[in-house]
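Atoms considered below: every heavy atom in the structure, side chains included; atoms not considered: hydrogens, waters and symmetry mates.
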Amino acid sequence: MLSILKEKNELTSALHEVRGSFYSVGAFSAVVNLLALVPSFYMMQVYDRVLNSRNETTLLMLTLLAVGLFALAAALEAVRTFVLVRVGANLDNRLNQRIYTAAYEMQLRRGGGNASQALRDLTNIRQFMTGPGVLTFFDVPWIPIYLFVLFVFDFWVGVLAVAGAGVSILLTLANDRFTRKSLDEASALAVRSGATADSNLRNAEVIEAMGMLGNLKARWLKDHSRFLALQAQASDMAAVWMQSSKYFRVFLQSAVLGLGALLVLENHISSGMMIAGSILMGKALAPIDQLIGVWKSWASTVQSYTRLRDLLAAVPPRTESLPLPEPAARMTTESLSVVPPGSQRATVHGVNLRIEPGTIVAIIGASGAGKSSLARALVGVWPAASGKVRIDGADISQWDRDRLGPYIGYLPQDVELFAGSVAENIARFGDLDADKVVAAAKAAGIHDMILQLPKGYDTVLGEQGSGLSGGQKQRLGLARALYGNPRIVVLDEPNSSLDDAGEAALMQAIQAQKALGHIVVLVTHKTTIVNMTDAIALMQDGRVITGGPTAEVMARLAGKAVAVAPAVHAKEGG
């Protein structure tokens, strides 16, 4: 624990901020451990003083004093637990938003990860801090005090106690050595199998339709079975060392009692010291036993700490940039290249575009040409591997995402809706403005459709918008993209699931955005919607191989040449 506290990172900084509470817990622990001597000294006084004097008043006063001290110890035990519970809550409050954001950004950068694991790691740390495990670390430093008292009773009693404590410590170290590797591997497999299960079960319909359950279950079971085997191996080994330590402590108490009896017969100590020494021996070794018991949870907590430390180091806190004025919807890219999260291969190479306000641009090309990658880069979802995306001349990375977000409308190819009401999804889970919500729904042509839902705009959707058809999800996603009249709207295959009425509503919404002087970027394959655009960028193998006004590009592709005033500029060949 001390080695962790010596590190300098965001987690230890948060711990240092609450160190005053740990000092308080340490002070309470000191008194509690001093009061732990009460049973031994009470027993010693009863044997040596009360039984010899046969004085009932002395017994009564000693008992009342002991009861008062026991009550004080119980109160202090409760208080230090209360303090640790509040320290854990305080630590969580200090870190939860930071960790949530870091996990989100790591998921955005790498994709396919297990973002919720970071929050579980924080919970694991908080639970360890509020449980009996951390209290054991406050009790261990008092072992030498108990051993010193045993030396005061008699030198040989102290020697036996020190030897016994040494053996117990060796048992604890052996427990760590023989279980650490298995616990580490088991923890890593648990994280991986959990992420695999989450990913698989989110696609239950596909699994059921094509009979994939058996194969996917077998794949998950392979990791899970290995995890169970390693955990069982570690638990079995830990049980051996724990029980060995436990019964060795029982043996030591008996050994101290036997040695004490010998010393009593030789008039070296009193009979009260003999009994008190046996009790105190058990108390001295109890923290070591507790260490063995909490070692598994401590090892798990260290792994959680390590993962969170690495996560926070990899994702520094967002820096607040100087607020920029509202964008006037002018977008350019400069030699833009994009590498998808978790990949090493660029899917967009050296793209140069200039898109003026009030322009509708179509990005076309075969599947895998890099169209969706370019769309994600234009809205800042994927960062540029090289080159720039600029809005009003400013690099998109310079914009504060919370400030820029309302001016961006984005409809991904795979529409993602969230658990909540229809109105909340359209309003992007911000403050509900009924007028804006209805305006966005009407702009997307789904106002009447929403009114047909069981509770209209208050209809609660499940995860991923369960309960809606693909077309309904896409049109609801379009309404969300249009909420608040954003200046830049990027739509990735917005008509892939739409019927004729939905496509007509989409085209009307796009024309309305153009009339407002906004930029609309369409990734599409359908010629019906391409014909209404002002410009086209044709992509192949991640490069824009030709671009310009729609009529000119269409004629060029058809082997003709038509002169049209340019609205978008793209250098051929990227």
State, yes or no, whether a side-chain contact exists between [X] and [Y] at a heavy-atom distance under 4.5 Å.
X: Tyr410; Y: Arg480; result: no
X: Val438; Y: Ile426; result: no
X: Val167; Y: Leu252; result: no

Ignoring hydrogens and geometry, is there a side-chain-to-backbone donor-acceptor pair from [X] to [Y] under 3.5 Å?
X: Asn93; Y: Ala89; value: yes
X: Ser278; Y: Met274; value: no
X: Asn90; Y: Arg86; value: no
X: Arg428; Y: Gly405; value: yes
X: Asn52; Y: Asp48; value: yes
X: Thr459; Y: Gly456; value: yes
X: Arg126; Y: Leu91; value: no

Quick check on [X]: does its [atom1] atom have over 12 non-hydrogen neighbours (other residues, nucleotides or ligands) under 6.0 Å away?
X: Phe70; atom1: CZ; result: yes
X: Arg307; atom1: CZ; result: yes
X: Tyr100; atom1: OH; result: no
X: Phe429; atom1: CZ; result: yes
X: Asp414; atom1: CG; result: no
X: Phe251; atom1: CZ; result: no

TODO: Give the C-alpha distance, both sets of side-chain angles, the deciding distance and a yes or no for side-chain hydrogen bond (donor to acceptor under 3.5 Å, both in side chains) between Ser40 and Tyr146.
DONE: CA-CA 11 Å; Ser40 300; Tyr146 301 140; over 6 Å; no

TODO: Go through the structure and list residues passing salt bridge (Lys or Arg N to Asp or Glu O under 4.0 Å) with Glu10, not counting sequence neighbours.
DONE: Arg98

Task: Results of side chain to side chain contact (heavy atoms under 4.5 Å, CB included) for Ser21 - residues two or more places apart only - done: Val83, Val87

- [ ] Determine, step by step, whether Asn9 and Tyr305 satisfy the side-chain hydrogen bond (donor to acceptor under 3.5 Å, both in side chains) criterion, reporting the C-alpha distance in whole Å, the side-chain angles of both residues, the deciding distance to 0.1 Å, and the verdict.
- [x] CA-CA 11 Å; Asn9 53 60; Tyr305 163 82; 3.0 Å; yes

Open item on the list: If you apply the rule side chain to side chain contact (heavy atoms under 4.5 Å, CB included), what do you find for Leu259 with Asp154, and how did you get there?
Closed with: CA-CA 10 Å; Leu259 178 60; Asp154 185 86; 5.8 Å; no

- [ ] Could you walk me through whether Phe137 and Trp298 pass the side chain to side chain contact (heavy atoms under 4.5 Å, CB included) test, one step at a time?
- [x] CA-CA 11 Å; Phe137 290 98; Trp298 167 243; 4.0 Å; yes

Open item on the list: Rounded to the nearest 0.5 Å, what separates atom CD in Glu424 from atom CG in Leu417?
Closed with: 12.5 Å

TODO: Search all heavy atoms of Ala161 against all heavy atoms of Leu150 and return the closest pair with its distance.
DONE: CB-CD1, 3.4 Å

Task: Nearest heavy atoms of Ser300 and Asn124, plus distance in Å - done: OG-ND2, 3.0 Å

Open item on the list: Please evaluate residues Leu311 and Met106 with respect to the criterion side chain to side chain contact (heavy atoms under 4.5 Å, CB included), reporting the C-alpha separation (whole Å), side-chain torsions for both, the decisive distance (0.1 Å), and the verdict.
Closed with: CA-CA 8 Å; Leu311 170 67; Met106 184 60 74; 3.8 Å; yes

Task: Trace of the side-chain hydrogen bond (donor to acceptor under 3.5 Å, both in side chains) decision for Ser421 with Asp458 - done: CA-CA 5 Å; Ser421 70; Asp458 294 323; 5.3 Å; no

Open item on the list: Apply side chain to side chain contact (heavy atoms under 4.5 Å, CB included) to residues Phe41 and Val149 and explain how you reach the verdict.
Closed with: CA-CA 11 Å; Phe41 284 100; Val149 174; 4.2 Å; yes

Open item on the list: Asp139 vs Arg80, test: salt bridge (Lys or Arg N to Asp or Glu O under 4.0 Å). Steps then yes/no.
Closed with: CA-CA 12 Å; Asp139 293 339; Arg80 70 175 184 171; 3.4 Å; yes

